[in-house]
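Beneath this line is the structure, given in structure tokens, with notes to follow.
Quantities reported herein were computed from a predicted structural model and do not represent experimental measurements.
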Amino acid sequence: MIVLGATSAIAEATARLYAAEGADLLLVGRHAGKLSSIASDLKIRGANRAQTAVHDLASVQGVDATLGDFIRQLGGVDHILIAYGILGDQADAERDQSVADDILQVNFNSAAAWCLAAAVELERQGRGSLVVIGSVAGDRGRRANFVYGAAKAGLAVLVEGIAHRFANKGPRAVIVKPGPTITPMTEGFDRKGLLWATAPRVAAVVRAAADRGGPVVYAPWFWRYIMLIIRNLPSAIFNRMDI
């Protein structure tokens, strides 16, 4: 398994599930020290191997070749997880184009490049899974985070298209859409209430999605029905909601 964005809370929790299965893992991210610490923990938890690679995933230069290098370093790949992203500040993004550009570059442009490179590799070998962390924020534009949501919406369409491309060819592609999750990304939010999930709870959905299910999976499951309602609310009602 290759984990792109391995220092994110959801990615780390997912990697622990793979480690318990005795998997070989390659952890990719920007921070060497944190990657090394996670790798050591995964070995204790049962990983057969836990290697690391330091790389700025937001850069799209040479993505195809770099992913090929990662696969060779690991000695082959069954599952690729794309789990990095930034929330950004919506108010700043509305005032400063450079802030909006950063949100879109990290959450869509670069992630899309890695998805397309992964699709080529998995299609070439005729097996394997691409699992990408999206967000329920991509299901309908809201004033609170529509730049971030737009990036996640585009990413979801891309992954769904890759899943369609893979039809009857062996590999699979899945976009996992978590609802609000207690992670470092959401520090500062009021994280109380039944709708907030933990990273391990979302990770269990991510791990299962790599093996089975459709191309769109919500985490936890009930967000599928919540977002179905939100997507179909008339604008006159939706626009009055403080969400």
Going by atom types alone, do Asp78 and Tyr18 pair a side-chain donor with an acceptor below 3.5 Å? no

State, yes or no, whether a side-chain contact exists between [X] and [Y] at a heavy-atom distance under 4.5 Å.
| X | Y | answer |
| --- | --- | --- |
| Leu35 | Val54 | yes |
| Val120 | Asp64 | no |
| Arg140 | Leu233 | yes |
| Asn232 | Leu228 | yes |
| Ser110 | Tyr84 | yes |
| Thr183 | Ser8 | no |
| Thr181 | Thr186 | no |
| Gln61 | Thr66 | no |

Which word best sums up how the rings of Phe70 and Trp114 line up, parallel for under 30°, tilted for 30 to 60°, or perpendicular for over 60°? parallel

Once you round to the nearest 0.5 Å, how far does CG of Leu74 lie from CG of Leu25? 7.5 Å

Distance in Å, Leu195 CG paired with Trp223 CH2, rounded so as to fall on 0.5 Å steps: 4.5 Å

Least distance between heavy atoms, [X] atom then [Y] atom:
| X | Y | value |
| --- | --- | --- |
| Arg127 | Val77 | NH1-O, 3.5 Å |
| Ala119 | Ile162 | CB-CG2, 3.9 Å |
| Ala39 | Thr52 | CB-CG2, 3.8 Å |
| Ala173 | Ala163 | O-CB, 3.5 Å |
| Glu121 | Leu67 | CG-CD2, 4.1 Å |

Verify, without hydrogens or angle tests, whether [X] (side chain) and [Y] (backbone) share a donor-acceptor contact under 3.5 angstrom.
| X | Y | value |
| --- | --- | --- |
| Asp89 | Asp92 | yes |
| Glu12 | Ile38 | no |
| Gln90 | Val147 | yes |
| Lys169 | Arg124 | no |
| Ser36 | Ala32 | no |
| Arg207 | Arg16 | no |
| Arg143 | Asn239 | yes |

Is the number of heavy atoms from other residues, nucleotides or ligands within 6.0 Å of CZ (Arg212) greater than 12? no

How about CZ on Arg30, more than 12 heavy atoms from neighbouring residues, nucleotides or ligands closer than 6.0 Å, or not? no

Using the side-chain contact (heavy atoms from CB on, under 4.5 Å) rule, take Val159 and Val216 through it: C-alpha gap first, then chi angles, then the decisive distance, then the call. CA-CA 9 Å; Val159 176; Val216 180; over 6 Å; no

Look at the side-chain heavy atoms of Ile, Leu, Val, Met, Phe, Trp and Tyr, link any pair under 4.5 Å apart, and say whether Leu155 and Met227 land in one connected group. yes

Indicate, with yes or no, if Phe108 and Val106 share a hydrophobic cluster defined by side-chain heavy-atom contacts under 4.5 Å among Ile, Leu, Val, Met, Phe, Trp and Tyr. yes

Starting from the C-alpha separation in whole Å, work towards a yes-or-no answer on side-chain contact (heavy atoms from CB on, under 4.5 Å) for Val174 and Ser129. CA-CA 8 Å; Val174 185; Ser129 295; over 6 Å; no

